[in-house]
Amino acid sequence: MFILFPAVLRVCLGRIPVETSYSERALFSHLVLVDVYLLFAVAAVLVFLYNFLEIHFLRLLASGFRGDPVTLVYNAASEVHRSVAAACRVINGRYSPTPWLPSSHLQTAFLSFFGRPPDFSYKRELFCTVDGGTIALDWLRNRDVGAVSAVVDEAGVAEDRTPILIVIPGLTSDSSAPYIKHIVFKMASGGWNVVVSNHRGLGGISVTSDTFYNAGWTEDLRKIVEYLHQRYSKAPLFLVGTSIGANILVKYLGEESDRIPISGAAAICCPWDLLICDRFINRRLVQKLYDRVLAIGLQGYAQLHEGILSRLVNWEGVQKSRSVRDFDNHATRILGKYETVDTYYRRNSGVNFIGGIAIPLLCISALDDPVCTKEAIPIDECRLNPNIVLALTQHGGHLAYFEGMTASSVWWVRAVDEFFGRLLSSPLLSQKAARQKPSNSISEPLMDEGPYLTVSQDGMVAPAPGDQAGCVVSNVPIQHAADVANNDESLSLDEQTVKAEDSQNLTRVPTVNPGTDTTRRTDRLLRYNRMSVWLLAYIAVVTTWPVVGSALTVFAKRRLKNGVLRELFRR
């Protein structure tokens, strides 16, 4: 860029008329130099931002906005690839990002701030675990997507053969997250029954035991799968995990091998190696911003359950946590009884369990993921397992993958929909059903014994205390309303409305969502650091382009020595 500077300067100075006086020519030259320096300073800032935000618009333009082809990694003898993945046009084609979102950071930010999720309402079940914990199961059935909802009696549930998709959200996310709503609505519209298994303490549900979820906590998923398989014995079960939920999914599949009633699964933007991702997210300024935003979300989650967490963990350390690692050191590690944070990361990384996966698994990762680095993707390990197909894209961000001019479509959602559709009609599903023996080892939770709801002063919902060790509260509609107005002192809240129906009496219960309001987390981040985005940009420009400031200083000193300014003042 600076090579063009002399040529631009000569062109500008060559336009000065010959009859112009010396002082006028000097003034004009001075103004031209200032303009040229400003022009190049602006160009330098634009170049810096282009690289800092990792924008790839020029590359997208060069491809005619067709994007880059998807890279598939699979075993040469893989029946999953030969019978299913090879017939999927989405993962065998190209991914072209939305033209006005040509950056992983822009894609991820757009997902967090906007997301454009479809509008619908869930129906909720409260599932009680053996240890006294409570899990919110949010349902969107195929019959509820249309304008008129059909009514199915419980007697026909056991004979229902509609495939069921279980969705596992990411860190501090629940069923109201935009990316969750995209996959739920897409699959339900395509003839599936979809249920979101919210993590403990999320989705507006109180923590009712001393057990909390983490990146390797698979026990809740195991019990949910067993319960659904027992209740819907004729329906094939599928799993989708996103981000940390994908790590939990991979670990669960590796632990259970082929002893589970799961017909297929998909892991989206899995971190794979938690230790490598921890090192990556603390490496650069932009990654540290993601780290801080995630830490604020974890702190918001902890504040919702302060009554329990404050007596189990280092509460003062939780409040002072500035990163995910800090929070894991003061809370997650202690709750999980791990010696160190690195021990927690190593033991729970999904990469350790790839070899044990025995069902068809589609994995989708973006090489420009700003949170889950490509350095952690286990390409060779996935290639060795014939049950895994790994789809790698050059772009997509973290769970974003927006496509089209209006950014209303999410690419990975289409890919999962097609993959599961092909899997349903493939011979692999019938082979799985032939090998699978029904499990009668679990006790069926009590159904429809009453609403079992108590509402605390902070708006959290929990089952009422009773003598039963386990229960399921079904047919509780839940609707996620629009985000509440911004409040500087409020936590990350997403208003929802839970309507519990008991003998024709309707009770409205507001619930809390601590994990999806990234906008407010970012505002709090800027307040904590007492700086604005403009100040960060100013610091970046000054530290990155000192040559511009030095050149301007030298220029000013030379002009003062030549007496040009004094000559102008005399005139």
Side-chain angles (χ1 to χ4, degrees), residues 122-142 152-169 174-175 184 187-188 192-203 205 207-209 211 213 217-241 245 248-249 251-253 255-265 359 432-433 436-453 461-463 466-476 478:
Y122 293 101
K123 289 185 178 179
R124 170 162 291 183
E125 290 186 44
L126 296 183
F127 181 86
C128 301
T129 61
V130 177
D131 59 66
T134 306
I135 301 172
L137 301 179
D138 290 337
W139 285 89
L140 182 66
R141 292 177 171 84
N142 171 249
V152 179
D153 59 348
E154 290 296 324
V157 168
E159 299 300 322
D160 191 355
R161 299 179 181 273
T162 305
I164 297 176
L165 176 64
I166 308 169
V167 182
I168 312 167
D174 60 15
S175 58
V184 169
M187 300 302 292
W192 293 62
N193 292 333
V194 187
V195 56
V196 182
S197 177
N198 294 286
H199 302 296
R200 297 191 184 207
L202 290 171
I205 300 298
V207 173
T208 55
S209 70
T211 302
Y213 84 99
W217 180 252
T218 58
E219 192 61 27
D220 287 346
L221 177 59
R222 183 174 291 104
K223 295 302 180 184
I224 293 298
V225 169
E226 290 176 354
Y227 157 64
L228 293 176
H229 177 54
Q230 185 184 51
R231 188 181 183 200
Y232 303 91
S233 57
K234 299 296 181 63
L237 300 181
F238 292 78
L239 288 173
V240 167
I248 296 174
L249 165 66
K251 185 172 182 287
Y252 166 70
L253 296 180
E255 290 173 342
E256 296 296 322
S257 188
D258 61 348
R259 299 184 297 272
I260 51 177
I262 299 297
S263 300
I359 67 167
K432 170 72 177 178
Q436 185 66 44
K437 295 181 179 181
S439 174
N440 298 318
S441 60
I442 63 173
S443 59
E444 183 176 2
L446 301 176
M447 297 295 300
D448 296 331
E449 295 292 339
Y452 289 110
L453 292 179
V461 182
D467 297 332
Q468 286 80 7
C471 67
V472 170
V473 183
S474 62
N475 298 327
V476 182
I478 174 172

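A donor-acceptor contact shorter than 3.5 Å links the side chain of Thr208 to the backbone of Thr134. Tyr252 places no side-chain N or O within 3.5 Å of a backbone atom of Leu221 that could act as its donor or acceptor partner. Here the side chain of Asn142 pairs a donor or acceptor atom with the backbone of Ala188 at under 3.5 angstrom.
With contacts defined as side-chain heavy-atom distances shorter than 4.5 Å, the pair Glu256/Arg259 qualifies. Side-chain contact between Asn198 and Ile205: absent, with no pair of heavy atoms (C-beta onward) separated by less than 4.5 Å. In this structure, Ser209 and Arg200 have side chains that are in contact, with non-hydrogen atoms separated by less than 4.5 Å. By the 4.5 Å heavy-atom criterion applied to side chains, Tyr227 and Thr129 are not counted as neighbours. Looking only at side-chain heavy atoms (C-beta outward), Tyr122 and Val184 come within less than 4.5 Å of each other. Within the 4.5 Å cutoff, side-chain heavy atoms of His199 are placed close to those of Ile248. Counting only heavy atoms from C-beta outward, the side chains of Ser197 and Leu137 approach each other to under 4.5 Å.
In this structure, Ser257 and Ile359 approach most closely via the heavy-atom pair O-CG2, 4.4 Å. Gly241 approaches Leu249 most closely through the heavy-atom pair N-CD2, 3.5 Å. The shortest heavy-atom contact between Pro261 and Leu237 is O-CB, 3.6 Å. In this structure, Arg124 and Gly203 approach most closely via the heavy-atom pair NH1-O, 2.8 Å.
How far CD1 of Ile166 is from CG of Leu228: 5.0 Å, rounded to the nearest 0.5 Å. Here the CG-CD1 distance, from Leu239 to Ile224, works out to 11.0 Å after rounding to the nearest 0.5 Å. Atom CD of Glu125 sits about 12.0 Å away from atom CD1 of Ile135, to the nearest 0.5 Å. The structure places OG1 of Thr211 at 8.0 Å from CG of Asp220, a figure rounded to the nearest 0.5 Å.
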Quick one, Val196 with Asp174, criterion side-chain contact (heavy atoms from CB on, under 4.5 Å). Give me CA distance, side-chain angles, the key distance, then yes/no. CA-CA 8 Å; Val196 182; Asp174 60 15; over 6 Å; no

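Between Lys223 and Asp131, none of the side-chain N atoms (NZ, or NE/NH1/NH2) sits under 4.0 Å from a carboxylate O, so this pair counts as no salt bridge. Contact check on Lys251 versus Glu255 returns a salt bridge, with a Lys/Arg side-chain nitrogen under 4.0 Å from an Asp/Glu carboxylate oxygen.
Exactly one residue among Val167, Asn193, Leu165 makes a side-chain contact (heavy atoms from CB on, under 4.5 Å) with Met187. That residue is Leu165.
Between Phe238 and Trp192, the angle of the ring planes goes over 60°, which puts this pair in the perpendicular group of the 30/60° scheme.
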